[in-house]
There are 2 protein chains.
Amino acid sequence: MNDHSLTGELLLLKTRRPDTRNELRREALRLFAERGYAAVSMRDIAEAVGVRQGAIYNHFAGKQDLLAALMIEHMETLILALDEALSGESGPIARLQAFVRFHVGYHIDKPDDVFIAYMELRNLEPEGRERVHALRNRYEAVLRDVLAEGLRNGAFRGPDAAVQARALIAMMTGVTVWYREGGRLGRRDVIESYVQITLQSVGIDYPIGGED
Amino acid sequence: MNDHSLTGELLLLKTRRPDTRNELRREALRLFAERGYAAVSMRDIAEAVGVRQGAIYNHFAGKQDLLAALMIEHMETLILALDEALSGESGPIARLQAFVRFHVGYHIDKPDDVFIAYMELRNLEPEGRERVHALRNRYEAVLRDVLAEGLRNGAFRGPDAAVQARALIAMMTGVTVWYREGGRLGRRDVIESYVQITLQSVGIDYPIGGED
DNA sequence: CCTACCGATCGGTAGG
DNA sequence: CCTACCGATCGGTAGG
């Protein structure tokens, strides 16, 4: 009885704080993006959060599970946000413009999430990799469909919707490499620059004159 | 005397083969591209070449030196090849077209070199990183200058030569992610697709009608 | 170029 | 959530 009560008190002082899981996620994300998955140790992550290494295993099954959680949750958030961003838009021109604004804005705001989802796919074990791959294809398909519709109805020009979708996504994602807050161009300028380049790339004048 | 002669013979059987350095380079390149620098051990590289781990240190000062050699030699080769590809071309349109053909073709042909130079910058120690960074800036400046000239003389339209150069390089480099030999589109088709997308992105009709 | 070894560090676990 | 520990593996070196 006495023993039991003492144990209970000790556990109360030392056991899971509610926000530790989120702090682990955040610091793991930051460190993985900075140095790469393989170059970050569980001890590095624990130290950044202020716990001991073993404590991580109260929240995640292991290092691999932590990476998978970061990548899958990111992709699901991204796709939900995209759906919302395009929900009010109709017609290929308006939808393409909305896609670019969303994609570039999101990538400016969450560069670490995006970077990891792109770079660490090869470090994911097959199960997680398949899931992330499928989510990525769904995302790409949204842009491909917009482009295909524009090519079909004559609003856009281009060689191939699939190639153009991949080309444009790579182009826009690249913003994470060079954009820095407080630089020569602000967030809004950068987004509008990509809108112009993208619309021109499908053969549309920008600013839009009197098309479609 | 006897000892000396014996030692000489043993060394002759076991000492540096002339091509081992290149084989180490090649296998290190392949493995770094496949798994990432931090996830590849010196033993992995040695095994791929068919020597023991310690033997690598006869050819490179260490793992870091091996990575630096791969990246710097790649960047220097890339820039020399670019200069040659543009040497016969004058005027922003012809030079832009030649740049795209060169860049996409080179990236299709040497995806591992390119991938490492992009991905492993953060694993390079400051000295090598500075050198690679400077070479990358030189490369980017070539495209930026072409774009700036076209914007100045009215051949191109766009928001900003620096942003457009980065956007286009990211777009073209992305070909390494999806292009596969024997796929739906051949090397030539892919290159011409990127040419069209790029020219349209700077406001030019393609195929080129009667401009400039 | 090999064998044999070094100290350091890794992901993960047991027991409390 | 901590302390203490496990076997495995790491980059690099000595000596031949």
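- Listed nucleotides D:dA4, D:dC2, D:dG11 differ in distance to A:Gln53; the shortest reach to its side chain belongs to D:dA4.
- A salt bridge links B:Arg30 with B:Glu27: at least one charged nitrogen is closer than 4.0 Å to a carboxylate oxygen.
- You'll find the side chain of A:Phe156 reaches within 4.5 Å of the side chain of A:Leu96, heavy atoms only.
- Residues A:Ser41 and B:Val51 each lie close to DNA chain C; by heavy-atom proximity, the contact nearer the 5' end of the strand is made by B:Val51.
- Counting heavy atoms from C-beta outward, B:Tyr194 and B:Val175 have side chains that approach closer than 4.5 Å.
- Defined by atom type and a distance below 3.5 Å, a donor-acceptor pair is present between the side-chain atoms of A:Tyr206 and A:Glu192.
- The separation between A:Gln64 atom CD and C:dG11 atom C1' is 12 Å, rounded to whole Å.
- Atom CE in A:Met42 sits roughly 11 Å away from atom C1' in C:dC10 (whole-Å rounding).
- Residue A:Ile56 contributes atom CD1, which lies 10 Å from atom C1' of C:dG11 at whole-angstrom precision.
- Taking atom CD of B:Glu47 as the reference point, atom P of D:dC10 lies 11 Å away to the nearest angstrom.
- The OH atom of B:Tyr57 sits 19 Å away from the P atom of C:dA4 (whole-angstrom rounding).
- Residue B:Val40 is classed as a sugar-phosphate contact, given heavy-atom separations below 4.0 Å to backbone atoms only.
- Side-chain proximity of B:Arg43 to the nucleotides D:dC2, D:dG11, C:dG12 is greatest for D:dG11.
- Look at B:Arg52 and you'll find a side-chain N or O under 4.0 angstrom from OP1 or OP2 of C:dT3.
- Looking only at side-chain heavy atoms (C-beta outward), A:Met71 and A:His74 stay at 4.5 Å or farther from each other.
- In this structure, the nucleotide among C:dG11, D:dC2, D:dC10 sitting nearest to the side chain of A:Lys63 is C:dG11.
- For the pair B:Tyr37 OH and D:dC10 P, the interatomic distance rounds to 13 Å; values are reported in whole Å.
- Using a 4.5 Å heavy-atom cutoff, the side chains of B:Thr173 and B:Tyr118 are not in contact.
- Rounded to a whole Å, the CD1 atom of A:Ile45 is 8 Å from the P atom of C:dG11.
- Comparing B:Asp44 and A:Gly54 by the nucleotide of DNA chain D that holds the closest heavy atom to each, the one mapping nearer the 5' end is A:Gly54.
- Rounded to whole Å, atom P of D:dA14 lies 13 Å from atom CG of B:Asn58.
- The shortest non-hydrogen separation linking A:Leu66 to A:Ala28 is CD2-CB, 3.9 Å.
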Seminar exercise, completed: Given Watson-Crick and G-U pairs under 3.5 Å, DNA chain D in dot-bracket ([ ] crossing, | other strand) is ||||||||||||||||

